[in-house]
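By convention here, the first residue in the shown sequence is residue 1.
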Amino acid sequence: MLIERSKKIFNATGADKLIVTAPDLRFYLTGFASSDGLVLVDENGATFYTDARYLEAASAALSGTGIEVKEPPRAGYLSLVEGSGRVAAALSRITADEYIALSKKVVEVTDCTAAFTAEMGVKDDGELAAIKKACEIADKAFEDMLGAFKEGMTENDAAAELEYRMRKFGASGTSFETIMAFGEGSSVPHHETGFRTLRHGDIILMDFGCKWGGYCSDCTRTFLFGDDKKHEDFKKAYAKVLEAHMAAKEKICDGMTGAEADAIARNVLKEGGLDKYFTHSLGHGIGINIHEFPRLAPKSSAVLKNGMVFSDEPGVYFEGDFGIRIEDSVTLSDGKVVSLTNSDKKLIVL
């Protein structure tokens, strides 16, 4: 039950009360999305306080979960903890003004960010099911999109077509702003989708994802719009990036650090003299947010565990020329990587 999440994090804080205001953390505890609210947890249980816009829907959604739903007092949310002893809050997720106001109301404020990070890093069966569904939708949208590319369409046109398909297949929205890069734009890892038009022989790099049930998917594919016989260097580099991607999938395991995981892909690229063009980390956690714990990066000491979901996304970028990134959302199950996005990764030529 959802109430168990609140109890577990509250017990980890050692505080008299736990308050949660950040929208994503509130969603983690309640499964209910809202732009306003506060979750209060103490030894007596958990209560979600929210304004009149959400009361009816929240009451229906949380019926039977063990979490009460109430309208906040007229004196404001912080009046709920006024005079309390030790109160836990995720300090990395509140403003300085909010911290100062809270500090004036209670004896001591303690940080519970680490407790949320640890719990949210490992997904339960319900969370995994939601992420899998988001990944299935992303795969289906990508495959359906391949027939929609037309010479003369803009990056913005293509991004809109892809996002429409994700919505059509059941997504509630995108996980992040879609990256659609044509030609030389692919050399910028986080290219800003614009109005560059598609031409025969162009490289297309698309980084996309969608949400289902409040959870994200993340996927990147790189391919060619027609073969003008001028992309031999691209094809060789693509083969090496795909090798690095697959090596990470095959060798990452439970108990490995994020740095060790990153090194698997980086070493494959180094063998091909491409490691200096791999300018970002191998991966990041995926969940309610598109970037979560753990990080798979050269200096990451995060230990990978069964139930974690993260990206496997090696890439190489040649300034002003082209870039390649191949990314899947994956999870660790029984000590090994299982891919959650599964659309074709062999080099596609449209």
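- Taking the ring centre of F182 as origin, the terminal cationic atom of R199 falls outside the region bounded by 6.0 Å and 45° from the ring axis.
- Inter-residue side-chain proximity for V41 and K7 is flagged as unmet; no heavy-atom pair is nearer than 4.5 Å.
- Between L2 and T65, the shortest heavy-atom distance links the atoms CD1-CG2, 4.3 Å.
- Heavy-atom minimum distance, I288 versus C216: O-SG, 3.4 Å.
- For T113 and D111, the side-chain atoms include at least one donor-acceptor pair closer than 3.5 Å.
- T174 and E163 are not linked by any side-chain donor-acceptor pair at a separation below 3.5 angstrom, with hydrogens and angles left out of the test.
- Side-chain contact between L38 and R26: absent, with no pair of heavy atoms (C-beta onward) separated by less than 4.5 Å.
- Side-chain atoms of T257 and L304, non-hydrogen and from C-beta on, never get closer than 4.5 Å to each other.
- Pairing each heavy atom of L198 with each of K150, the nearest pair is CD2-O, 3.7 Å.
- When V241, V268, D275 are each tested for a side-chain contact (heavy atoms from CB on, under 4.5 Å) with P314, only one passes: V241.
- Residues passing the salt bridge (Lys or Arg N to Asp or Glu O under 4.0 Å) test with K133: none are found, sequence neighbours excluded.
- Counting non-hydrogen atoms of neighbouring residues, nucleotides and ligands closer than 6.0 angstrom, the NZ atom of K251 reaches no more than 12 such neighbours.
- Here the closest heavy-atom approach between residue I324 and residue A237 is recorded as CD1-CB, 3.6 Å.
- When each of I179, D328, T341, L205 is paired with T220, the side-chain contact (heavy atoms from CB on, under 4.5 Å) condition holds for L205 and for no other.
- Salt-bridge annotation for K336 and D334: absent, with no side-chain N of the basic residue lying under 4.0 Å from a carboxylate O of the acidic one.
- Donor-acceptor pairing under 3.5 Å is lacking for the side chains of D207 and H191.
- For the pair K123 and M308, the minimum side-chain heavy-atom distance is 4.5 Å or more.
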**Worked check of ring-ring contact (aromatic ring centres under 6.0 Å, His included) between F27 and F32** = CA-CA 5 Å; F27 180 84; F32 184 82; 8.7 Å; no
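- The side chain to side chain donor-acceptor pair (under 3.5 Å) test applied to S63 returns no partner, not counting sequence neighbours.
- Between D144 and F169 the shortest side-chain heavy-atom distance falls below 4.5 Å.
- The side chain to side chain contact (heavy atoms under 4.5 Å, CB included) test applied to A88 returns T13, A15, L18, T110, C112, not counting sequence neighbours.
- The nearest pair of heavy atoms linking E151 to H200 is OE2-N, 3.4 Å.
- In terms of heavy-atom proximity, V81 sits nearest to S84 at O-OG, 2.7 Å.
- Here the two rings, on F223 and F149, have centers that are under 6.0 Å apart.
- Residues F278 and H280 meet the side-chain proximity criterion, which asks for heavy atoms closer than 4.5 Å.
- Residues F10 and L40 have side chains not in contact (no heavy-atom distance under 4.5 Å, counting atoms from C-beta outward).
- Looking only at side-chain heavy atoms (C-beta outward), L102 and L78 come within less than 4.5 Å of each other.
- Side-chain contact check for Y215 and S175: no donor-acceptor pair (N or O, by modelled atom type) lies under 3.5 Å.
- S343 and R221 share a donor-acceptor pair across their side chains, judged by distance under 3.5 Å alone.
- Between the side chains of H245 and E313, not a single donor N or O lies within less than 3.5 Å of an accepting N or O.
- The aromatic ring centroids of Y77 and Y49 lie 6.0 Å or more from each other.
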